[in-house]
Amino acid sequence: MRVRMAPSPTGPLHIGTARTSLYNYLAARHAGGTYVLRIEDTDPARSTDDFERDIIDNLHWLGISWDEGPQVAGGDDIGPHAPYRQSGRMELYGREADRLLETGSAYRCWCTTEELDAVRRDQETKREPPRYNGRCRHLAEAERAAHEAEGRPSVIRFKVEPESVRFDDLVRGEIEFDNALLGDFVIVRNDGMPLYHFVVVIDDEAMGITDVIRGEDHLSNTPKHIALIRALGYREPRFGHIPLILNADRSKMSKRKSQTAITAYREEGYLPEAFVNFMAFLGWSPGTEEEIFSLSELASRFDIAKVHHGGAVFDRDRLDHLNGVYIRAMTDEQLALRVRPWVPEAIRDDDLLRLVPLIKERLVKLGDVPDLIGFVWEPDEVVAGWYGPELLYPKKGGPNEARAALEGAREVLAELDDADFSADVLEQRFREAAEVAGMKAGDFFSPIRVAVTGRTISPPLFASLEMLGRDRSLARVDDARGKLTQVPA
RNA sequence: GCCCCCAUCGUCUAGAGGCCUAGGACGCCACCCUUUCAAGGUGGAGAUCAGGGGUUCGAAUCCCCUUGGGGGCACCA
């Protein structure tokens with residue numbers, strides 16, 4: 001089995017492309033087949049090196065590796081079927097176009113865009129299917145010769161025979177189309193650039209692709225490909241069309257309505273293993289109630305025949321949940337390593353490791369780290385700027401209760417020496433102080449929490465104080481007391 | 001408009017004629033735990049399996065129609 005993924009570098013790696021890539025990868029790994037990466041850059045106007053790099057980098061990030069193809073952007077191709085970039089195969093496309101011309105399966109067309117538009121408009125008003133009317137197909141020899149002598153640029157059109165085409169789709173079963181509805185489509189532009197439907201078929205043949213697994217949006221294009229394959233005398237691969245990933249409104253997932261770039265998710269701090277797990281379940285399930293799978297587990301379980309037929313809405317809540325599951329499953333050491341890019345360099349590795357337990361079970365995405373424990377490394381005055389005096393009031397209480405708690409906290413902190421400055425000791429002392437103040441523990445802790453972390457929601461208070469150390473804790477409590485002096489009782 | 005595909009809780013899905021008074025997960029709502037928030041635990045609401053006809057002793061599962069949704073019909077990929 002040889003499968004391929006064929007992204008075009010006209011944008012950053014799209015989630016749909018990534019999922020198709022994943023399914024191809026899983027199918028190949030499951031069957032012990034070969035997985036090929038091919039860059040479809042036949043649209044020079046829209047293709048860029050940056051996008052190619054984005055695609056390759058993010059595929060690597062997801063852990064999807066290929067056996068043949070460019071291993072790095074702009075790098076050398078690896079594999080016996082090079083080139084793996086369409087721009088490297090121009091000569092072959094030209095030869096195959098000539099062959100089609102010679103065998104009479106294709107013909108030159110001189111119709112102008114204006115003429116074509118006019119025909120299309122006419123068809124629309126007459127409610128006919130919009131397709132090429134075949135004018136140049138029936139050109140007399142003399143007219144053809146005249147056009148060619150004139151030297152005006154022409155496109156090459158493929159002659160579609162009015163026959164019915166059927167194939168056995170790997171995920172959907174038997175599908176039948178009537179090619180009479182198709183119309184002769186263009187395979188080479190008037191500037192000589194070959195078009196997608198044409199090159200995809202040539203490339204797949206050249207690379208010995210046996211199974212074409214792609215998005216459902218290509219289902220309707222398949223009869224064109226099959227017609228081309230037959231005219232060219234190629235061997236017909238199996239086709240499998242996987243369901244689309246959808247926006248919340250159930251339309252095809254698009255940049256306009258959803259975040260589609262894999263990079264964006266990566267930058268937010270989603271874990272590649274969680275993302276892969278999530279994508280795999282968008283249209284596939286093992287048929288059991290298990291749901292946590294590594295890439296290699298997925299490969300051993302994956303079955304293209306069990307892929308769903310209907311589209312799947314991208315559900316961010318579910319992704320968040322899965323990401324949290326993977327984060328919680330990590331050791332503190334692993335998580336510290338992963339979180340490093342989101343933490344200031346000034347934070348030492350051993351301090352970071354001490355921070356991790358405070359946030360592990362409340363972390364959804366790695367990028368949320370600064371939000372959760374930024375107070376540890378932010379300067380006191382910055383943290384003080386995060387809240388106003390009224391945030392210091394306990395839920396049931398006002399400035400007086402806040403003052404009492406802060407006062408009590410000050411005393412406790414002031415009398416502790418550094419050796420005693422641990423979460424356990426702190427908790428014990430603070431609870432005693434709450435009692436002395438005649439306050440419920442929760443109400444007593446609340447103003448202190450805000451003073452120290454700048455937020456009403458934070459990691460456990462005493463561990464936070466321990467991390468911060470005595471002096472900074474004291475300073476923050478004093479900052480808070482200062483804020484309260486401006487407020488009348 | 002034409003062609004093709006699809007249709008189980010809000011979402012992702014289990015389900016390949018009797019095991020289904022439809023299971024799980026996310027989300028939601030309670031309660032428990034608890035220094036906040038999470039995490040965790042327990043429980044709950046939530047799908048007349050889009051609707052209608054068949055086939056069958058029996059249908060979420062098979063067939064047909066309707067409806068709804070999606071995709072495709074480029075000198076884009």
Side-chain angles (χ1 to χ4, degrees), chain A residues 6-11 17 40-43 45-47 86 109 111-113 116 120 123-132 153-157 169 172 175-183 185-191 193 195-197 199-200 215-224 241 243-244 246 248-252 278 281-291 306 308-322 324 328 359-364 372 395 427 430-431 434 440-446 448-450 453 455-462:
Chain A
S8 75
T10 53
T17 313
E40 306 215 323
D41 57 353
T42 44
D43 184 354
R46 296 195 297 148
S47 300
Q86 290 184 326
C109 169
C111 294
T112 63
T113 327
L116 261 17
R120 199 166 300 131
Q123 284 166 335
E124 260 169 47
T125 56
K126 286 184 187 157
R127 293 184 168 182
E128 287 169 7
R131 62 183 150 174
Y132 182 58
S154 61
V155 303
I156 299 177
R157 278 184 192 276
D169 193 274
R172 285 151 212 280
I175 292 169
E176 185 172 0
F177 285 91
D178 183 4
N179 275 9
L181 273 6
L182 236 42
F185 57 92
V186 176
I187 56 175
V188 178
R189 294 203 311 208
N190 69 183
D191 63 0
M193 281 303 281
L195 259 13
Y196 173 75
H197 297 306
V199 297
V200 73
E216 193 195 329
D217 45 349
H218 281 298
L219 192 55
S220 306
N221 294 325
T222 306
K224 286 181 186 169
H241 292 91
L244 265 18
L246 275 23
D249 64 3
R250 304 203 74 88
S251 58
K252 178 162 100 168
F278 172 74
F281 275 70
L282 249 29
W284 174 85
S285 105
T288 66
E289 284 174 0
E290 304 155 276
E291 53 182 7
K306 288 203 70 172
H308 266 69
H309 299 182
V313 173
F314 184 94
D315 181 6
R316 180 73 86 115
D317 283 338
R318 209 180 158 73
L319 208 212
D320 284 347
H321 169 257
L322 260 186
R328 274 171 255 131
I359 56 168
K360 188 151 117 185
E361 57 195 23
R362 49 210 106 213
L363 194 59
V364 173
L372 284 174
K395 210 165 187 175
E427 176 163 5
F430 273 81
R431 284 190 187 281
K440 284 175 67 180
D443 290 338
F444 187 78
F445 298 160
S446 176
I448 305 168
R449 178 188 310 286
V450 173
T453 69
R455 314 250 154 108
T456 54
I457 295 172
S458 80
L461 179 58
F462 307 109

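In what follows, chains carry the letters A, B, and so on, assigned in the order in which the sequence lines appear, proteins first and then strands, with residues in each chain numbered from 1. Because the structure is a prediction, the values reported are computed rather than measured.
Across every strand in view, B:rC28 sits in a pair with B:rG44 that passes the Watson-Crick or G-U test at under 3.5 angstrom. Both distances falling under 3.5 Å, in either a Watson-Crick or a G-U wobble arrangement, occur for no nucleotide opposite B:rA14. Within the shown strands, nothing qualifies as a pairing partner of B:rU34 under the Watson-Crick or G-U definition with both distances less than 3.5 Å. The partner of B:rA7 is B:rU67, by the rule that a Watson-Crick or G-U pair needs both atom distances under 3.5 Å. The pairing partner recorded for B:rG1 is B:rC73, the criterion being a Watson-Crick or G-U wobble arrangement whose two distances lie under 3.5 angstrom.
Nucleic acid contact for A:D317: sugar-phosphate only, since backbone atoms but no base atoms lie under 4.0 Å from a heavy atom of the residue. Residue-level contact check: A:H241 touches neither bases nor backbone, having no heavy atom under 4.0 Å from any strand.
The side chain of A:R189 places an N or O atom within less than 4.0 Å of a non-bridging phosphate oxygen (OP1 or OP2) of B:rC76. Residue A:T42 has a polar side-chain atom (N or O) positioned under 4.0 Å from OP1 or OP2 of B:rA77.
Distance A:Y196 OH to B:rC76 C1': 11 Å, rounded to the nearest Å. Atom CD1 in A:I187 sits roughly 13 Å away from atom P in B:rC76 (whole-Å rounding). Rounded to whole Å, atom P of B:rA74 lies 16 Å from atom CZ of A:R46. Residue A:H197 contributes atom NE2, which lies 8 Å from atom P of B:rA74 at whole-angstrom precision. The distance between atom CG of A:D320 and atom C1' of B:rA39, rounded to the nearest whole Å, is 15 Å. In this entry the distance linking CG of A:D249 with C1' of B:rG68 reads 14 Å, nearest Å. Rounded to an integer number of Å, the gap from CG of A:L319 to P of B:rG27 is 12 Å. Distance A:L195 CG to B:rG72 P: 16 Å, rounded to the nearest Å.
A perpendicular orientation is assigned to the rings of A:F185 and A:H197, their planes being inclined by more than 60° (bins at 30° and 60°).
Scanning both residues, A:R250 and A:G311, for their nearest heavy atoms gives NH2-O, 3.5 Å. In terms of heavy-atom proximity, A:W284 sits nearest to A:H308 at N-ND1, 4.4 Å. What you find for A:N179 and A:P223 is that their closest heavy atoms are OD1-CB, 3.3 Å. What you find for A:C109 and A:R157 is that their closest heavy atoms are SG-NE, 3.3 Å. In plain terms, the two heavy atoms of A:H309 and A:E216 that are nearest each other are O-OE1, 4.2 Å.
In this structure, the ring pair (Phe, Tyr, Trp, His ring centres under 6.0 Å) partners of A:Y196, at least two apart in sequence or on a different chain, are A:H218.
The side chain of A:E291 sits closest to B:rA25 out of B:rG71, B:rA25, B:rA77.
For B:rG52 and B:rA59, the P atoms lie 14 Å apart once the distance is rounded to whole Å. Distance noted for atom C1' between B:rU67 and B:rA50: 8 Å (whole Å). Remark: the separation of the P atoms in B:rC62 and B:rG44 is 32 Å, to the nearest Å. Taking atom P on both nucleotides, B:rC37 is separated from B:rG18 by 48 Å, rounded to a whole Å. Between B:rA47 and B:rC64, the two P atoms lie 30 Å apart (nearest whole Å).
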Exercise. How would nucleotides 32-37 of chain B be written as a contact map, 5' to 3', with B for base contact, S for sugar-phosphate-only contact and - for no contact, using protein heavy atoms under 4.0 Å?
Worked result: ---BBB

Seminar exercise, completed: Going 5' to 3' through nucleotides 3-14 of chain B and flagging B where a protein heavy-atom sits under 4.0 Å of the base, S where only the sugar-phosphate is that close, and - otherwise, we get SSBS----BBSS

